[in-house]
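Here is the structure we will look at, set down as structure tokens.
Counting from 1, the numbers follow the sequence of the chain as shown.
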Amino acid sequence: MGENGKVLIKDLEKKDKKIFSLWLQDINVVKFLIDLFKISREKDNVLNIPFGKNRKMFVLETKEGVKLGFCVLYDIDWQQKRSSMYIYIEKKENVELETAQEIINSLLRRTPLKYNLRDIEVHTKNDVFAKCFTNIEDFKKEEDGYSFRIALDEMKFPANMAR
């Protein structure tokens with residue numbers, strides 16, 4: 001589990017199924033997961049999500065145990081040291097720049113060090129995450145959110161992320 005200030009970054013566990021099923025009420029989450037995982041629901045409404053070496057899911061929560069959302073690292077290209085990332089924050093959670101910054105810092109400290117990534121394409125519904133970086137590339141506003149690229153420097157995460 002990654003811990004930094006108020007936000008915890010933890011691996012998705014079986015006990016997180018209930019909250020994850022609530023997030024599935026957001027049509028954008030369902031679209032993302034269908035496109036990414038080609039998932040299907042079994043008759044008892046249990047998700048069949050295939051995770052493997054090229055995908056990793058994290059739950060974002062406060063130290064008090066409030067689930068903020070989740071992050072999926074996917075399409076990991078080990079040779080090119082690239083990946084895509086989807087960040088979902090629940091609608092009722094009003095994430096301010098400071099909290100978004102903490103989430104990004106924690107994710108970048110955890111994922112690049114563990115996976116040795118240098119280039120990440122970020123997808124999110126919250127434009128506040130784009131404000132956490134000084135140098136983003138290919139910023140796009142799309143129908144269901146925003147996407148942009150971040151190139152991680154030799155430090156593995158930007159030193160001054162707020163802009």
Side-chain angles (χ1 to χ4, degrees), residues 1-13 15-36 49 51 55-76 82-115 117-163:
M1 180 181 316
E3 188 172 328
N4 225 19
K6 300 178 285 187
V7 178
L8 303 177
I9 310 294
K10 63 178 205 144
D11 292 335
L12 181 69
E13 300 171 351
K15 66 181 183 178
D16 297 316
K17 261 187 186 179
K18 186 176 181 180
I19 189 68
F20 194 78
S21 66
L22 291 176
W23 293 330
L24 288 173
Q25 294 176 12
D26 185 319
I27 190 67
N28 291 319
V29 171
V30 174
K31 282 186 206 176
F32 167 75
L33 291 174
I34 287 172
D35 288 345
L36 178 63
I49 302 176
F51 286 98
R55 299 180 186 120
K56 183 69 178 168
M57 181 175 265
F58 305 103
V59 174
L60 311 171
E61 69 178 48
T62 66
K63 283 189 175 182
E64 294 77 29
V66 176
K67 307 281 195 244
L68 299 173
F70 66 91
C71 172
V72 180
L73 195 64
Y74 63 99
D75 291 344
I76 300 170
R82 280 189 255 199
S83 177
S84 293
M85 180 184 292
Y86 179 79
I87 303 171
Y88 172 80
I89 300 296
E90 197 169 346
K91 286 180 187 175
K92 69 178 183 180
E93 299 300 332
N94 187 14
V95 175
E96 296 177 9
L97 184 58
E98 182 181 336
T99 303
Q101 186 71 63
E102 188 173 341
I103 290 169
I104 292 295
N105 288 348
S106 296
L107 285 170
L108 293 182
R109 281 188 182 100
R110 181 175 177 135
T111 55
L113 293 177
K114 187 171 184 178
Y115 297 106
L117 301 172
R118 301 214 184 253
D119 183 43
I120 300 177
E121 181 178 275
V122 180
H123 300 270
T124 183
K125 289 184 352 178
N126 307 71
D127 68 339
V128 69
F129 290 106
K131 297 174 183 170
C132 294
F133 300 95
T134 54
N135 294 322
I136 62 172
E137 300 172 11
D138 303 329
F139 182 84
K140 297 176 194 150
K141 178 165 180 17
E142 299 170 343
E143 179 182 320
D144 54 353
Y146 304 88
S147 69
F148 54 91
R149 279 192 149 341
I150 54 173
L152 305 177
D153 61 17
E154 294 303 308
M155 291 175 32
K156 305 285 187 195
F157 52 90
N160 178 12
M161 294 181 162
R163 65 173 173 166

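- With respect to Lys10 and Glu61, a salt bridge is recorded, a charged nitrogen being found less than 4.0 Å from a carboxylate O.
- Aromatic ring centroids of Phe70 and Phe20 lie under 6.0 Å apart.
- A side-chain contact (heavy atoms from CB on, under 4.5 Å) with His123 is found for exactly one of Phe129, Phe32, Tyr74, namely Tyr74.
- Remark: side-chain polar atoms of Asp26 are paired, donor with acceptor, to backbone N or O of Asn28 under 3.5 angstrom.
- Annotation for Ile87 and Thr124: closest pair O-OG1, 3.1 Å, computed over non-hydrogen atoms.
- The shortest side-chain heavy-atom distance between Ile136 and Val122 does not fall under the 4.5 Å cut-off.
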Is there a side chain to side chain contact (heavy atoms under 4.5 Å, CB included) between Ile89 and Thr99 once you walk through the steps? CA-CA 11 Å; Ile89 300 296; Thr99 303; over 6 Å; no

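- Side-chain contact check for Lys141 versus Asp127: every heavy-atom pair is 4.5 Å or farther apart.
- Annotation: the span from Leu107 atom CG to Glu102 atom CD amounts to 10.5 Å, rounded to 0.5 Å.
- Atom CG of residue Leu68 and atom CD1 of residue Ile9 lie 8.5 Å apart, to the nearest 0.5 angstrom.
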Evaluate the criterion side chain to side chain contact (heavy atoms under 4.5 Å, CB included) for residue pair Val29 and Tyr86; output intermediate values, then yes/no. CA-CA 10 Å; Val29 171; Tyr86 179 79; 4.0 Å; yes

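- Remark: the backbone N or O of Val7 is not paired with any side-chain donor or acceptor of Thr62 at under 3.5 angstrom.
- Contact detail for Met85 and Ile120: the closest heavy-atom pair is CB-CG2, 3.7 Å.
- When each of Lys140, Arg149, Arg82 is checked for a salt bridge (charged side-chain N to carboxylate O under 4.0 Å, His left out) with Glu121, only Arg149 meets the rule.
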One pair to check against side chain to side chain contact (heavy atoms under 4.5 Å, CB included): Asp11 and Phe58. What are the steps and the verdict? CA-CA 5 Å; Asp11 292 335; Phe58 305 103; 3.6 Å; yes

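- Trp23 has its side chain within reach of Val59: a pair of non-hydrogen atoms, C-beta onward, lies under 4.5 Å apart.
- For the pair Leu60/Leu8, no side-chain contact is recorded, criterion being any heavy-atom separation below 4.5 Å from C-beta on.
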